[in-house]
Amino acid sequence: MRTWPGRRAGRVREAPTGRRECPPPTESGQDGLRMNDELRITPRSADFAAWYNDVIMRAQLADYSPVRGCMVIRPHGYAIWELMQGALDAMFKETGHQNAYFPLLIPQGFLAKEAEHVEGFAPQTAVVTRGGGKELEEPLVVRPTSETIIYAMLSKWVQSYRDLPVLLNQWANIVRWEMRTRLFLRTTEFLWQEGHTAHATSHEAEEETLLILGVYRRFMEEWMAMPPLTGPKTEAEKFAGAVRTYACEALMQDNKALQAGTSHFLGQNFAKAFDTQYQTADGALDYVWSSSWGVSTRLVGGLIMTHSDDVGLICPPRLAPIQVAVVPIWRSDAEKAAVLDSAEQLARALREAGTRVALDDRDGMKPGAKYYEWEGKGVPVRLEVGPRDVKQQQAMLARRTGGKAPVAVAGIVEAVQGALAEIQDDLLAAARQRREDHSIRGVTKEQLIELMEGAGGFAYGGYCGSPECEAGVQQASKATIRVLPDEEFRSDPAPATCVWCGKRAELEAVWARAY
RNA sequence: CGGGGCGUGGCGCAGCUCGGUAGCGCGCCUGCUUUGGGAGCAGGAGGUCCCGGGUUCAAAUCCCGGCGCCCCGACCA
């Protein structure tokens, strides 16, 4: 059985609880309650940024590193990332992709080969100029993304249309020198997945771009319970070097948008820059058409900001490193033996059914303290097992999202799995409801500005397509066009006029202030 | 880079105006009693007061100069 290091004696295997109607943790000393100051959480409504940081610290997801802008991902945070990786990796494999690994260091000259690309990334790169005690002949950049090195290699590997498509993915770290950083959301170094594909036709490459956008969306909804809007970005917002960028945009609890995943149709831009040509069936030479796409550890930040509350993290069951915490309760040694025996049986049954369970049998820690700890860490379900429960062949099942009820031991696996599934569904439904509650359609210029200066949210409005209008709105409201929404998200009737200039609307756009 | 805040045991802070033994809460260690929503008592460990100069008999405290971190804004996944 898996155990956790206890702060007192015992081992820990855990379970969460409903965040009952008890008040949130209070300041030390108040109400006779005490808690470690480092675990104190600023109320979300008081200061969202502080709340976000506090949740991360409380749940032990990450910590600051000695280097500005960098973060340490702690085991509990990394476990969430690993679950994300597992789900996404399986989806990539199902759609025919293979993993590979390209190096961290890229010749500086490579970046310069694609004009927009270098313009976009040069200011953000870290450059290595010395190695082995000597000045390097050509500086090496720490990859801010890997298009350049990958196309340099593809031009070696691809000769014929028979070599296409190439469907690659890599899990890697990258470095982008950011002015301002935030845990998970924007750090100097971050972990991500970058897919790179090369195709014989433009159509096929764009189909691939959209396929992956759909994969991302499905992952965000089904695993993260975070429902994004999807659609293309405007020219101003697209990836440096792409022909078109598509994105998933999710709405956080402070009503700011988070770009959660992007998928780019690159046309032949990189193929031309790196001379990645192939021979067609009829003997001609053509450049490959390509796509690239990525999601990063930023998703962990999105997960936190989508669901969590003033008690701490709320983690959707499918991505919860610990789905169930079992907390035994006893008074005497005799009770302890019986209760532990029952708790271990429950834990074993759940584990055998594929549930991630922790049994928290740490000695000398009161049950209430354990509840708070697991709640802070976002564990979706807690099972409490005390002498009374043993006698009645039951356990108390408490949900992180609220509610506590007895469950018969005989049906524990079904009850727990049912609860996990319900919590997963409820979180998605709640997030979708919140998104719609904070979306306004057919906004006027005044409404848009008012919304952005106030409550925030997604503002749907008409857009003539001109960069001037896009810039005008941004200057007036600090909101950017997050996406030109895909059909299923569009308004009916479609907006008739541009929010900014009042001319005929060619498109519908969704504005929001964004991370 | 601009604006704000902050650097004192692991964490959160007080002390600084008015220089003179470095304190409090939580956490940690030991023991006993506890355990159905953050346990109690007793004992104990733990600090280059961010760094460097200066003033002074004496600096966490006063002066000068650095550095670092966090938050807010301009750039970005």
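Below, read A as the first sequence line, B as the second, and so on, with proteins coming before strands; counting in each chain starts at 1.
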**Prompt:** So, is A/Arg331 near the phosphate of B/U35, with a side-chain N or O under 4.0 Å from OP1 or OP2?
**Reply:**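 Indeed, a polar side-chain atom of A/Arg331 lies that close.
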**Asked** Is the phosphate of B/G37, meaning OP1 or OP2, less than 4.0 Å from a side-chain N or O of A/Lys370?
**Response**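 Checking B/G37 against A/Lys370, no side-chain N or O comes under 4.0 Å of OP1 or OP2.
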With a 3.5 angstrom cut-off on both distances, give the Watson-Crick or G-U wobble partner of [N], or none if there isn't one.
{"N": "B/G19", "value": "none"}
{"N": "B/C67", "value": "B/G7"}
{"N": "B/U55", "value": "none"}
{"N": "B/G46", "value": "none"}
{"N": "B/U34", "value": "none"}

**Prompt:** Just by distance, do the side chain of A/Asn173 and the backbone of A/Leu191 share a donor-acceptor pair under 3.5 Å?
**Reply:**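 Between the backbone of A/Leu191 and the side chain of A/Asn173 there is no qualifying donor-acceptor contact (under 3.5 Å).
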**Request:** Pick the P atom in B/C50 and in B/C29, then give their distance to the nearest Å.
**Result:**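 These two P atoms come out 28 Å apart once rounded.
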**Prompt:** Considering only the C1' atoms, how many Å lie between B/G27 and B/C11, rounded to the nearest integer?
**Reply:**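 Approximately 7 Å lies between the C1' atom of B/G27 and that of B/C11.
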**Separation of B/G12 P from A/Asn53 CG (nearest whole Å)** =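 It works out to 12 Å between those atoms.
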**Message:** Measuring centre to centre across the rings, with the benzene-like ring taken for any Trp, is A/Trp81 within less than 6.0 Å of A/Trp171?
**Reply:**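 Yes - the distance between ring centres of A/Trp81 and A/Trp171 falls below the 6.0 Å cut-off.
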Base, sugar-phosphate, or nothing for [X], non-hydrogen atoms under 4.0 angstrom?
{"X": "A/Arg388", "value": "base"}
{"X": "A/Leu258", "value": "nothing"}
{"X": "A/Gly294", "value": "nothing"}

**Request:** Return the set of residues passing side chain to side chain contact (heavy atoms under 4.5 Å, CB included) with A/Thr234 (not counting sequence neighbours), or none when no residue passes.
**Result:**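 With sequence neighbours excluded, A/Thr234 shows a side chain to side chain contact (heavy atoms under 4.5 Å, CB included) to A/Ala236, A/Glu237, A/Tyr463, A/Glu470, A/Ile481, A/Leu484, given in chain and number order.
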**Item:** Among A/Tyr246, A/Phe270, A/Phe239, A/Trp293, ring pair (Phe, Tyr, Trp, His ring centres under 6.0 Å) partner for A/His264
**Value:**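 The single option meeting the ring pair (Phe, Tyr, Trp, His ring centres under 6.0 Å) with A/His264 is A/Phe239.
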**Asked** Does B/G38 have A/Tyr371 stacked on its base, where the ring centres are within less than 5.5 Å and the planes differ by under 30°?
**Response**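 Taking the rule of under 5.5 Å and under 30°, the ring of A/Tyr371 does not stack on B/G38.
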